[in-house]
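Take a look at the structure below.
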Amino acid sequence: MDFPLPDRPGVPLDEGHLRRLRERPLVPVVLASGHRALLVTRHADVRAVLSDGRFGREAWSGGTLFARTPESLALAAADPPAHTRRRKAVQAWFTARRAGADRPRIEALAERLLDEMEDAGPPADLIARFATPLPYAVICDVLGVPAGDLGLLLPWVSAMMSAGRFSAEEVGAAHEGMHGYFADRLAERRARPGTGLLARLAASSGLSDDEIIVVGYGLLMAGGETTSNFLAACVLELVSRPGLAARLRADPSLIPAAVEEFLRWVWFAGTGGRPHVVLADVELAGTALARGEVVVPLT
Ligand code: HEM
């Protein structure tokens, strides 16, 4: 089986693929890079891969599932101790308390975008007018990067997050552009400290300039692209399930549970998580794995 699954339309996975993934805890697949790997399908085994030091992300050098270089999402591509250090530098900005404090501003922005869409009348482009601007405006605000620059940044994000639509040259050029942009913003924050995570990291983080730049645009993409696709996919699901939409309208207290369930159910073209290399012989799901084998946790 090829992975990511080719030509798979729709948000939920079709029954045939679901059955194949449910049947076995480790499913042999061929990655886009041509490497053979085992897809890890069970929750406990995924947790084991993500937390056991015998599985390493940095050791994966066969290209990524995405057409991007390993540095593009530094956190997702790093092992301890680099991972621990970088994550520690940013994690205080991503607490439930901070999210709660930002909530009124995010709600007001969502309301404004919806009002503008309504005022413009049909047809409405949900992705361009809501699903993209909302999360990107929020993450730009968190980082302290002008949301007005998104016209420049989003085409680079598309190439960097692409699963194969762009050539290696295009992806490389996007990386260069993005790196240069965040290097400029970092230099600005050094000259004129402002608010936002980038300014905080520039002032004191123990991270190198390159790490700050990569963590910065990694967060822009990780926070923007996922959430934007997720919002659009949720609406698609609701449109195709009028019964569910009606239930949620009738009883909005059900919405938080529905969001949790969507987070589990909606899956983005099945790209899975970062491939991990087995660093020392280990048993997973009752199977002995040898050093050098590759596993992909279905995160
Ligand atoms: C619906 C929204 C989101 C989804 C579905 C999602 C999904 C994921 C997944 C599947 C991973 C694991 C990737 C892997 O195994 O390699 C991940 C990692 C990550 N995500 Fe998200 N994400 C979402 C929103 C966000 C947001 C809003 C942010 C930041 C503002 C964010 C930041 C990150 C970071 C930094 C990592 C790497 C974590 C690490 O390795 O320590 N994500 N996300």
Side-chain angles (χ1 to χ4, degrees), residues 1-79 83 158-168 171 218 221-222 225-226 229-230 233 236-237 262-299:
M1 179 162 92
D2 285 338
F3 191 80
L5 308 171
D7 303 328
R8 197 193 49 77
V11 172
L13 202 53
D14 58 277
E15 277 306 320
H17 278 115
L18 264 181
R19 206 173 325 111
R20 292 178 77 175
L21 296 182
R22 279 182 178 139
E23 265 165 12
R24 300 163 74 173
L26 301 176
V27 181
V29 290
V30 179
L31 302 181
S33 58
H35 289 79
R36 292 185 178 281
L38 292 169
L39 206 56
V40 184
T41 60
R42 307 261 157 95
H43 186 257
D45 300 326
V46 167
R47 285 191 73 102
V49 170
L50 294 178
S51 57
D52 188 323
R54 287 172 291 181
F55 298 95
R57 306 197 266 191
E58 279 172 10
W60 171 246
S61 60
T64 59
L65 286 175
F66 308 97
R68 65 187 189 202
T69 64
E71 305 81 52
S72 64
L73 254 179
L75 273 170
D79 289 328
H83 180 270
S158 292
M160 291 165 80
M161 299 285 277
S162 156
R165 191 154 58 89
F166 294 83
S167 69
V171 176
M221 301 196 303
E225 204 60 11
T226 46
N229 286 319
F230 179 68
L236 189 60
E237 272 295 274
F262 276 138
L263 278 167
R264 191 186 69 81
W265 179 243
V266 168
W267 101 330
F268 302 115
T271 43
R274 167 109 181 147
H276 285 57
V277 179
V278 176
L279 303 176
D281 294 357
V282 62
E283 194 179 295
L284 185 69
T287 303
L289 301 179
R291 256 186 84 186
E293 282 193 73
V294 177
V295 296
V296 178
L298 257 187
T299 51

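Below, each value reflects all heavy atoms present in this structure, side chains not excepted, and no hydrogens, waters or symmetry copies.
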**Nearest heavy-atom neighbours spanning L50 and P297** = CD2-CG, 4.1 Å

**Item:** Distance-minimising heavy-atom pair for F166 and S158
**Value:** CE1-O, 3.7 Å

**Message:** Distance check, rounded to the nearest 0.5 Å: L236 atom CG versus N229 atom CG?
**Reply:** 11.5 Å

Contacts under 3.5 angstrom, residues 19-30 side chains, donor-acceptor by atom type, not counting sequence neighbours:
none

**Request:** Take V294 and H35 through the test side chain to side chain contact (heavy atoms under 4.5 Å, CB included) and record every step on the way to the result.
**Result:** CA-CA 8 Å; V294 177; H35 289 79; 5.6 Å; no

**Message:** If the condition is side chain to side chain donor-acceptor pair (under 3.5 Å), which residues does R264 pass it with, not counting sequence neighbours?
**Reply:** E261

**Prompt:** Does the pair H43 and V46 meet the rule for a side chain to side chain contact (heavy atoms under 4.5 Å, CB included), with working shown?
**Reply:** CA-CA 5 Å; H43 186 257; V46 167; 5.8 Å; no

Under 3.5 Å, sequence neighbours excluded: what are the donor-acceptor pairs made by side chains of residues 278-287?
{"residue": "D281", "atom": "OD1", "partner": "R291", "partner atom": "N", "Å": "3.1"}

**Prompt:** Does anything in residues 48-59 pair up under salt bridge (charged side-chain N to carboxylate O under 4.0 Å, His left out), and if so which pairs, sequence neighbours excluded?
**Reply:** D52-R54

**Request:** Measure across A159 and V171 and return the closest heavy-atom pair with its distance rounded to 0.1 Å.
**Result:** O-CG2, 3.6 Å

**Item:** Atom pair CZ (F55) and CZ (R274), whose distance is rounded to the nearest 0.5 Å
**Value:** 15.5 Å

**Item:** From T226 atom OG1 to L263 atom CG, the distance as rounded to the nearest 0.5 Å
**Value:** 10.0 Å

**Prompt:** Just wondering, do L298 and F3 contact through their side chains at under 4.5 Å, heavy atoms?
**Reply:** yes

